[in-house]
Amino acid sequence: MPDPNPSAVTGDDLRATRRARWRQVLPVLGAISVGGVLGSLSRYGVSVAMPHEPRDFAWATFGVNVIGCLLMGVLMALLEYARPGHPLLRPFLGIGVLGGFTTFSTYVVDTLRTSAEAPGTGLAYLLGTPLAALVAVWIGATLTRTTILRRRREPT
Amino acid sequence: MTVLLLAVGAAIGAPLRYLVDQLVRTRHDSVFPWGTFAVNVTGSFILGLVAGLPAPTGVTALIGVGFCGAFTTYSTFGYETLRLLQDGARLYAVLNAAASVAAGLGAGSIGLTLARALHG
């Protein structure tokens with residue numbers, strides 16, 4: 001007797017699909033994890049080197065976030081306009097290293113703490129960080145893209 | 001020890017951010033970067049809690065500096081906002097920046113307040 005439903009998905013099929021998906025995802029998660037540790041340790045290093053009082057402008061976190069955004073702009077333009085590179089490069093550097101290096105939660109808590117003690121400084125930090133971050137990401141992406149396209153046009 | 005705990009927190013926080021982002025992307029097909037928004041707001045709440053409690057250095061390193069630091073991100077937030085601007089979705093770009101900051105501050109304050117209330 002023929003199989004009444006040849007396209008039926010068995011439990012074994014489902015398990016095999018799930019295993020295959022994990023085999024694809026695990027290296028990506030691993031790369032992000034290792035990158036995240038490296039980025040976070042670097043951020044910690046900067047915060048130890050540049051400690052700040054709650055009433056002061058949190059220069060360490062500000063700097064880390066702005067530089068991280070600049071590098072993110074560079075990286076994304078490189079991946080888009082230059083050679084794509086290894087498939088794990090973007091998860092490792094972009095999501096892992098730069099994601100771990102920059103932090104939104106510390107920006108938020110720094111803002112709250114500074115605002116409670118020095119409202120003016122708190123406001124400057126609150127508005128200054130996203131503005132500088134956006135400008136940095138734009139500069140990083142634009143400079144990289146322009147450089148790549150100019151080099152491509154020049155005869156070698 | 002601080003460095004080791006920080007590394008453990010970051011090793012979990014960074015890939016978890018990616019998983020949350022993927023999960024949100026598969027459920028909400030939207031130009032608005034809800035995934036990054038969700039991790040940043042959640043992470044701000046957790047850090048508020050940790051910052052408001054008299055937590056030992058190890059806990060601060062593991063959950064605060066390591067996990068929350070790696071779980072939340074400024075670089076992707078900045079990049080996604082720029083992409084919205086460049087794609088002509090100016091309103092979404094401004095909304096993303098304003099809503100992320102406002103919701104993050106709200107979540108962080110709730111975390112801090114809750115921690116102080118719990119601690120008494």
Side-chain angles (χ1 to χ4, degrees), chain A residues 25 28-41 43-45 47-48 61 64-73 75-76 91 94-113 115-116 126-127 129-138 140-141, chain B residues 2-3 6-19 21-22 36-37 39-48 50-52 61 64-83 85-86 93 97-98 100-101 103-109 111-112:
Chain A
V25 164
V28 176
L29 291 180
I32 294 172
S33 189
V34 173
V37 171
L38 294 175
S40 296
L41 288 175
R43 165 166 47 81
Y44 178 66
S47 75
V48 170
T61 310
V64 154
N65 281 337
V66 174
I67 289 168
C69 280
L70 182 88
L71 295 175
M72 187 62 131
L75 176 72
M76 297 310 273
I95 310 175
V97 175
L98 294 179
F101 186 58
T102 62
T103 173
F104 195 88
S105 49
T106 308
Y107 156 72
V108 162
V109 171
D110 276 346
T111 301
L112 292 170
R113 280 183 167 161
S115 301
L126 167 73
L127 299 176
T129 304
L131 281 177
L134 209 55
V135 171
V137 105
W138 177 75
Chain B
T2 301
V3 169
L6 190 162
V8 172
I12 299 166
L16 194 62
R17 163 163 43 82
Y18 171 76
L19 288 175
D21 190 52
Q22 292 294 310
T36 307
F37 179 86
V39 294
N40 280 344
V41 173
T42 315
S44 298
F45 170 73
I46 300 172
L47 188 64
V50 175
V65 189
F67 179 81
C68 290
F71 185 59
T72 63
T73 174
Y74 223 94
S75 47
T76 302
F77 163 64
Y79 181 72
E80 287 171 341
T81 309
L82 179 75
R83 280 312 288 251
L85 273 177
Q86 291 181 330
S100 296
V101 171
L105 284 173
S109 321
L112 273 173

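Below, all heavy atoms of this structure are taken into account, side chains as well, without hydrogens, waters or symmetry copies. All chains are named by letter (A, B, ...) in the order of the sequence lines, taking the proteins before the strands, and each is independently numbered beginning at 1. Keep in mind it's a predicted model, so treat the numbers as computed, not measured.
Heavy atoms closer than 4.5 Å to chain A are found in the side chain of B/L19, but not in its backbone. Looking at A/T111, the atoms closer than 4.5 Å to chain B (heavy atoms on both sides) all sit in the side chain, from C-beta outward. Of the two parts of B/Q22, neither the backbone nor the side chain holds a non-hydrogen atom closer than 4.5 Å to a non-hydrogen atom of chain A. Contacts of A/T129 with chain B are made by both backbone and side-chain atoms, with heavy-atom separations under 4.5 Å. Neither the backbone nor the side chain of A/V64 comes within contact range of chain B, judged by heavy atoms closer than 4.5 Å.
Heavy atoms only, all atoms of each residue included: B/T76 and A/M72 are closest at OG1-CE, 3.5 Å. What you find for B/A14 and A/G36 is that their closest heavy atoms are CB-CA, 3.8 Å.
In this structure, CD in B/E80 is found 9.0 Å from CE in A/M76, a value given to the nearest 0.5 Å. Atoms CG and OG1, from A/L98 and B/T73 in turn, are 8.0 Å apart once rounded to the nearest 0.5 Å. Residue B/L16 holds its CG atom at 9.5 Å from CG of A/L29, rounded to the nearest 0.5 Å.
Side-chain contact between A/V108 and B/N40 is absent, with no heavy atoms from C-beta onward closer than 4.5 Å. Two residues are said to be in side-chain contact when any heavy atoms from C-beta on lie closer than 4.5 Å; B/L105 and A/L126 meet this criterion.
For B/L6, the side-chain contact (heavy atoms from CB on, under 4.5 Å) partners are A/S40, A/L41, A/Y44, B/V65, not counting sequence neighbours. Under the side-chain contact (heavy atoms from CB on, under 4.5 Å) criterion, B/T81 pairs with A/L134, B/F77, B/A93, B/N96, B/A97, sequence neighbours left out.
Proximity of a side-chain donor or acceptor of A/S105 to a complementary backbone N or O of B/C68 within less than 3.5 Å is detected. Here the side chain of B/S75 pairs no donor or acceptor atom with the backbone of A/G68 at under 3.5 angstrom.
By the 30° and 60° cut-offs, the orientation of the rings of A/Y107 relative to B/Y74 is perpendicular.
Per-residue counts of heavy-atom pairs under 4.5 Å with chain A were compared for B/G9, B/G108, B/A11; the largest is that of B/A11. Annotation: maximal heavy-atom pairing with chain A below 4.5 Å, among B/S44, B/S100, B/G64, occurs at B/S44. Each of A/L70, A/L71, A/V37 has some count of heavy-atom pairs under 4.5 Å with chain B, and the biggest count is that of A/V37. Counting heavy-atom pairs closer than 4.5 Å to chain B, the top residue among A/G99, A/G100, A/C69 is A/G99. Note on B/G48, B/A70, B/P15, B/A10: by heavy-atom pairs under 4.5 Å with chain A, the leading option is B/P15.
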